[in-house]
Amino acid sequence: MSRVDFYHLQNQTLENVLPKLLEKAYETGKKIKVKVGNEERVEFINTFLWTFDDQSFIPHGSKKDGFAEMQPIWISSNDENPNGALMLFLVDGAKENAESVKNFERVFNIFDGNSETAVNEARAFWKELKTAGVEIYYWQQESNGRWVQKA
């Protein structure tokens, strides 16, 4: 059964949060896909993950890099899953439906809590998943940036 975790960004940006979550997910040894809302942001995130911290290494690639099936973390804006990822990160408004999340063991839906549109889309996705019987969790940031699971 798939599990979907909603991460409600309030005090930090995606750029602050995504690398840390990806590092933890990568440590599981499972392949990961990062689905981005649009193609322009794919290359931004791809470049950012190479440069965000000179003490850290998150192996990843995008269409520009090639070798999709060999990439431990694949960044894309489309529905393909060429690396056989078991974990999916949805960022920058990327969308999935309740049926497609079942292709992954775990899905991380990271959304901007300062955007009314993003919050409304997250609520609609939550309702769709709940109706479909998918296991869902909600995480909210405290003022210190720590994640707290909410009921």
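For clarity, every value in this text was computed on a predicted model and none was experimentally measured. In what follows, residues are counted from 1 in the order of the sequence shown.
Cluster annotation: F104 is not connected to I32 through the hydrophobic network of ILVMFWY side chains, with a link wherever side-chain heavy atoms come within less than 4.5 Å. One hydrophobic cluster, built from ILVMFWY side chains closer than 4.5 Å, holds both F111 and F125. In the hydrophobic cluster analysis, where Ile, Leu, Val, Met, Phe, Trp and Tyr join through side-chain heavy atoms closer than 4.5 angstrom, L18 is grouped together with L9.
The six-membered or imidazole ring of F6 lies away from that of W139, with a centre-to-centre distance of 6.0 Å or more. Residues F108 and F89 bring their aromatic ring centres within 6.0 Å.
Salt-bridge annotation for E96 and K35: present, with a side-chain N of the basic residue lying under 4.0 Å from a carboxylate O of the acidic one. By the 4.0 Å N-to-carboxylate-O rule, D65 lies too far from K63 to be salt-bridged with it. One finds a salt bridge joining R41 and E15 here, because a Lys/Arg side-chain nitrogen approaches an Asp/Glu carboxylate oxygen to under 4.0 Å.
A donor-acceptor distance shorter than 3.5 angstrom exists from the side chain of T28 to the backbone of A25, with no hydrogens or angles considered. T51 places a side-chain N or O within 3.5 Å of a backbone atom of T47 that can act as its donor or acceptor partner. Using modelled atom types, no side-chain atom of Q12 and backbone atom of N144 make a donor-acceptor pair closer than 3.5 Å. When atom types are taken as modelled, the side chain of S100 and the backbone of N97 share a donor-acceptor pair closer than 3.5 angstrom. The main-chain N or O of Y137 is never found under 3.5 Å from a side-chain atom of D5 such that the two would form a donor-acceptor pair. Here the side chain of S2 pairs a donor or acceptor atom with the backbone of V101 at under 3.5 angstrom.
Note that the CG atom of N109 and the OH atom of Y138 stand 11.5 Å from one another [nearest 0.5 Å]. With rounding to the nearest 0.5 angstrom, the CZ atom of R146 is 13.0 Å from the CG atom of N11. The structure places CD of E39 at 6.5 Å from OG of S76, a figure rounded to the nearest 0.5 Å. A distance of 11.0 Å separates CG in L129 from CD in E99, rounded to the nearest 0.5 Å. Going from atom CD1 of I73 over to atom NZ of K33 covers 13.5 Å, rounded to the nearest 0.5 Å. Remark: F67 CZ to N83 CG distance equals 14.5 Å, nearest 0.5 Å.
Considering every non-hydrogen atom in both S62 and V42, the closest pair reads CB-CG1, 3.9 Å. Scanning both residues, N78 and E80, for their nearest heavy atoms gives OD1-CG, 2.8 Å. V119 and D112 get closest at one heavy-atom pair: CG2-O, 4.0 Å. Minimum interatomic distance between R106 and Y7 (heavy atoms only, all atoms of both residues): NH2-OH, 4.1 Å. Summarising the geometry of I45 relative to D92, their closest heavy-atom pair is CD1-OD2, 3.9 Å, with the distance given to 0.1 Å.
Each of K31, K30, R3 was evaluated against E105; a single residue qualifies, K30, per the salt bridge (charged side-chain N to carboxylate O under 4.0 Å, His left out) test.
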Start with the C-alpha gap between L90 and I110, add the side-chain angles, then the distance that decides, and say whether side-chain contact (heavy atoms from CB on, under 4.5 Å) holds. CA-CA 6 Å; L90 300 171; I110 305 170; over 6 Å; no

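Between F48 and F52, the two ring planes are tilted [angle within 30° to 60°].
Here the side chains of N120 and R123 are in contact, with some heavy-atom distance below 4.5 Å. Residues H60 and Y26 are not in side-chain contact: their nearest non-hydrogen atoms beyond the backbone lie 4.5 Å or more apart.
Surrounding NZ of K127 are at most 12 heavy atoms belonging to other residues, nucleotides or ligands under 6.0 Å away. Enclosure of atom CD in E116 is not indicated, since only 12 or fewer non-hydrogen atoms of other residues, nucleotides or ligands lie within 6.0 angstrom.
Of the N and O atoms on the side chains of W74 and E69, not one donor lies less than 3.5 Å from an acceptor on the other residue.
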